[in-house]
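Take a look at the structure below.
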Amino acid sequence: MRLSSLFRTVAFSFLVACGGSDGTDTGECVELCSDAQAGSCTSIQGSCTTFCNALDSVQDESGCTSERASYQACLGDGADVCDNDCDGEEAALEDCLTDFCAQNLTNEDCQALASSF
């Protein structure tokens with residue numbers, strides 16, 4: 001399935017997540033995304049704001065809130081976002097969102113997430 005493969009290729013390299021006290025703050029997501037783009041350590045392209053807002057919109061319905069929080073905590077736990085090895089957390093978030101979006105292909109937020117890669 002193309003959407004699944006898209007998410008896997010990207011490895012949600014970013015969901016460079018999304019931070020705040022519960023690990024899901026959209027503002028911190030945008031900051032981490034921008035830093036990762038500047039450091040060339042993410043596959044996310046385009047607007048980090050669009051990406052993070054879409055992630056924010058689907059995280060509860062998709063059941064991916066804890067995966068997002070874990071990934072963001074990993075990315076934010078270093079001197080530089082590109083210094084962190086968060087492959088396990090990234091894969092868990094990717095898998096969770098892929099499952100949800102593969103069943104919700106017409107969801108505008110899923111489409112925004114897919115077009116970010």
Side-chain angles (χ1 to χ4, degrees):
M1 164 163 255
R2 183 177 177 172
L3 182 63
S4 176
S5 137
L6 208 108
F7 282 146
R8 294 212 184 279
T9 299
V10 168
F12 250 51
S13 231
F14 164 155
L15 282 203
V16 159
C18 324
S21 61
D22 68 350
T24 61
D25 179 72
T26 302
E28 190 157 341
C29 176
V30 172
E31 183 179 336
L32 290 170
C33 173
S34 297
D35 289 349
Q37 286 180 337
S40 299
C41 63
T42 184
S43 297
I44 300 300
Q45 300 177 15
S47 170
C48 288
T49 300
T50 299
F51 175 80
C52 293
N53 285 336
L55 178 59
D56 189 52
S57 293
V58 301
Q59 76 174 8
D60 290 335
E61 184 180 0
S62 67
C64 299
T65 302
S66 64
E67 289 86 348
R68 177 184 179 180
S70 293
Y71 187 52
Q72 193 256 288
C74 179
L75 290 170
D77 188 34
D80 183 271
V81 70
C82 293
D83 290 340
N84 300 315
D85 179 7
C86 303
D87 291 347
E89 292 85 352
E90 180 179 292
L93 180 58
E94 175 193 346
D95 289 346
C96 186
L97 290 170
T98 297
D99 290 346
F100 175 76
C101 287
Q103 295 177 29
N104 294 280
L105 297 174
T106 60
N107 179 300
E108 290 180 14
D109 294 309
C110 285
Q111 292 173 0
L113 290 169
S115 69
S116 295
F117 304 107

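Quantities reported herein were computed from a predicted structural model and do not represent experimental measurements. Note that the numbering runs from 1 along the sequence shown for the chain. Quick note: numbers below take in every heavy atom, side chains included, and nothing from hydrogens, waters or symmetry partners.
- In terms of heavy-atom proximity, Asn84 sits nearest to Gly78 at OD1-CA, 3.6 Å.
- Sulfur-sulfur distance for Cys48 and Cys33: below 2.5 Å, consistent with a disulfide.
- Atom OG of Ser66 and atom CD of Gln59 lie 9.5 Å apart (nearest 0.5 Å).
- Considering CG of Leu32 and OG of Ser34, their distance stands at 9.0 Å, rounded to 0.5 Å.
- Atom-to-atom distance recorded for Asp35:CG and Glu28:CD is 9.5 Å, nearest 0.5 angstrom.
- A donor-acceptor pair is defined here as one N or O able to donate and one able to accept, closer than 3.5 Å; such a pair exists between the side chain of Asn104 and the backbone of Phe100.
- Atom-to-atom distance recorded for Asp77:CG and Glu89:CD is 10.0 Å, nearest 0.5 angstrom.
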Evaluate the criterion side chain to side chain contact (heavy atoms under 4.5 Å, CB included) for residue pair Asp56 and Arg68; output intermediate values, then yes/no. CA-CA 9 Å; Asp56 189 52; Arg68 177 184 179 180; 3.5 Å; yes
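- The nearest pair of heavy atoms linking Cys96 to Ser62 is SG-O, 3.9 Å.
- A distance of 8.0 Å separates CG in Asn53 from OG in Ser47, rounded to the nearest 0.5 Å.
- The main-chain N or O of Ala112 is found under 3.5 Å from a side-chain atom of Ser116 such that the two form a donor-acceptor pair.
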Leu55 and Leu97: CA distance, side-chain angles, deciding distance, side chain to side chain contact (heavy atoms under 4.5 Å, CB included) verdict: CA-CA 9 Å; Leu55 178 59; Leu97 290 170; 3.7 Å; yes
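- Looking at heavy atoms from C-beta onward, Cys101 lies out of side-chain contact with Asn107 at the 4.5 angstrom threshold.
- Atom CD of Gln37 is separated from atom CZ of Phe51 by 9.5 Å, given to the nearest 0.5 angstrom.
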